[in-house]
> 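Please see the structure below; I have some questions.
In what follows, chains carry the letters A, B, and so on, assigned in the order in which the sequence lines appear, proteins first and then strands, with residues in each chain numbered from 1. Small disclaimer: the values here were computed from a predicted structure and weren't measured.
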Number of protein chains: 2
Amino acid sequence: MKGTEALTTIFREQGLRVTPQRQAIFRLLEGDVSHPTVESLFDRARADMPTISLKTVYQTVHDLEALGEVRVLDLGTGSVRVDPNVEDEHHHLLCTTCGRVRDLPVEFDGLIVPIRYRRDFTIDDVQVIFRGHCEHCFDRT
Amino acid sequence: MKGTEALTTIFREQGLRVTPQRQAIFRLLEGDVSHPTVESLFDRARADMPTISLKTVYQTVHDLEALGEVRVLDLGTGSVRVDPNVEDEHHHLLCTTCGRVRDLPVEFDGLIVPIRYRRDFTIDDVQVIFRGHCEHCFDRT
DNA sequence: TTGCTTGTTGACAACTCTTGTTGTTAGTAT
DNA sequence: ATACTAACAACAAGAGTTGTCAACAAGCAA
């Protein structure tokens with residue numbers, strides 16, 4: 001995801017307005033590697049801006065997604081997660097106990113679908129989710 | 001997934017009762033490769049059994065899952081899908097237009113996480129979702 | 001077969017996450 | 001500064017799934 005200033009320019013170019021609410025969300029997401037849910041973004045945004053609504057956070061996240069600045073992930077945890085890292089291709093490691101998500105660089109070249117299975121299917125995207133337990137949750141199981 | 005008779009035995013062994021509703025669901029799932037949603041199972045079950053409730057279908061699916069007889073998939077389509085194929089390891093090809101899901105045999109050996117990323121993480125499961133468009137939906141785009 | 005015990009059912013409400021609606025506020029270009 | 005209109009907050013509603021509970025029936029024993 002680009003920086004707050006760059007996003008401001010991009011939003012204006014697209015005819016989208018840059019409001020304090022949106023800037024707050026830009027700032028929260030910048031450099032965030034925790035893959036936050038919309039709800040948790042909302043909670044953090046509310047600390048500074050008590051009247052911000054959940055809907056606004058969803059809206060802004062979707063706008064960022066439409067601009068390709070974030071990726072919205074559904075890892076099967078019940079709620080959607082925001083991943084501001086769109087620069088590096090990566091997969092995800094999900095702790096099924098605490099819900100923490102970690103990025104996983106793509107270092108393997110095995111994800112190729114044999115041509116006979118692709119013959120009548122156009123593949124746009126691959127999502128790989130590793131599920132397990134992180135150090136913290138493994139200890140206390 | 002095992003056959004209806006075998007499931008009847010297994011359920012009884014577990015102290016679970018085998019009702020006409022459950023047997024109907026066993027029969028619907030046997031050999032089904034369409035990865036149906038619970039809702040669609042419900043609709044089909046209702047054809048023969050008009051009073052069956054959605055809750056009963058969910059319940060039975062979860063019981064089957066607990067016994068390892070089906071897998072419950074969340075492919076990000078909004079609703080959960082039931083996969084009775086637990087015998088062969090496979091990934092999934094999802095058409096993001098019509099929602100059809102196809103099994104994909106695992107023929108590649110690339111899904112190994114480098115040890116430095118596994119050091120403090122225990123991996124239980126890998127889910128790979130290929131998204132794209134099936135023949136039918138590609139033509140009409 | 002009969003009756004008892006207990007898991008299951010079906011109807012309904014509640015829940016979580018996300019999106020639609022609406023009048024009002026405020027960002028942006030001129 | 002002004003007008004245009006997107007975005008806002010508040011609220012309600014939608015979809016999918018799960019909880020509650022009284023009535024029921026499967027399974028077991030005699």
> Any pair with a residue in residues 72-82 of chain A that passes side-chain hydrogen bond (donor to acceptor under 3.5 Å, both in side chains), sequence neighbours left out, goes on the list, sorted by first then second residue, please.
none
> What residues in residues 39-50 of chain B put a non-hydrogen atom under 4.0 Å from any atom of DNA chain D?
none
> Considering all heavy atoms of both residues, which atom of B:C95 and which atom of B:C134 are nearest to each other, and what is their separation?
SG-N, 3.4 Å
> Looking only at non-hydrogen atoms, find the nearest pair between B:V80 and B:V72 and report the distance.
CG1-CG1, 3.2 Å
> Less than 3.5 Å apart, which donor and acceptor atoms pair up between the side chains of residues 11-18 of chain A and the rest of the protein, not counting sequence neighbours?
none

> Can you confirm whether more than 12 heavy atoms, excluding those of A:E87, are under 6.0 Å from its CD atom?
yes
> Do the rings of B:H90 and B:H92 sit parallel, tilted or perpendicular, given the 30° and 60° boundaries?
perpendicular
> If you count every heavy atom of other residues, nucleotides or ligands that lies below 6.0 Å from B:R71 atom CZ, does the total exceed 12?
no
> Identify whether any heavy atom of B:V38 sits under 4.0 Å from a base atom; if not, whether one sits that close to sugar-phosphate; answer base, sugar-phosphate or nothing.
nothing
> Quick one, which residues of residues 52-82 of chain B touch DNA chain D with a heavy atom under 4.0 Å?
B:L54, B:K55, B:Y58, B:H62, B:G78, B:S79, B:V80
> In terms of heavy-atom contacts, does CZ of B:R100 have more than 12 from other residues, nucleotides or ligands at under 6.0 Å?
no
> For residues B:H35 and B:D103, is any side-chain donor paired with an opposing acceptor at under 3.5 Å?
yes
> Contacts to DNA chain D from residues 5-17 of chain B, heavy-atom cutoff under 4.0 Å, which residues?
B:R12, B:R17
> Considering all heavy atoms of both residues, which atom of B:G132 and which atom of A:D124 are nearest to each other, and what is their separation?
CA-OD2, 3.6 Å
> Taking any atom closer than 4.0 angstrom to a non-hydrogen atom of chain A, what span of DNA chain D does the protein reach, first nucleotide to last?
D:dT5 to D:dA10
> Just to verify, which of B:E30, B:R22, B:Q23 counts as forming a side chain to side chain donor-acceptor pair (under 3.5 Å) with B:T4?
B:E30
> Which pair of heavy atoms, one from A:L75 and one from A:L94, lies closest together, and at what distance?
O-CD2, 3.8 Å
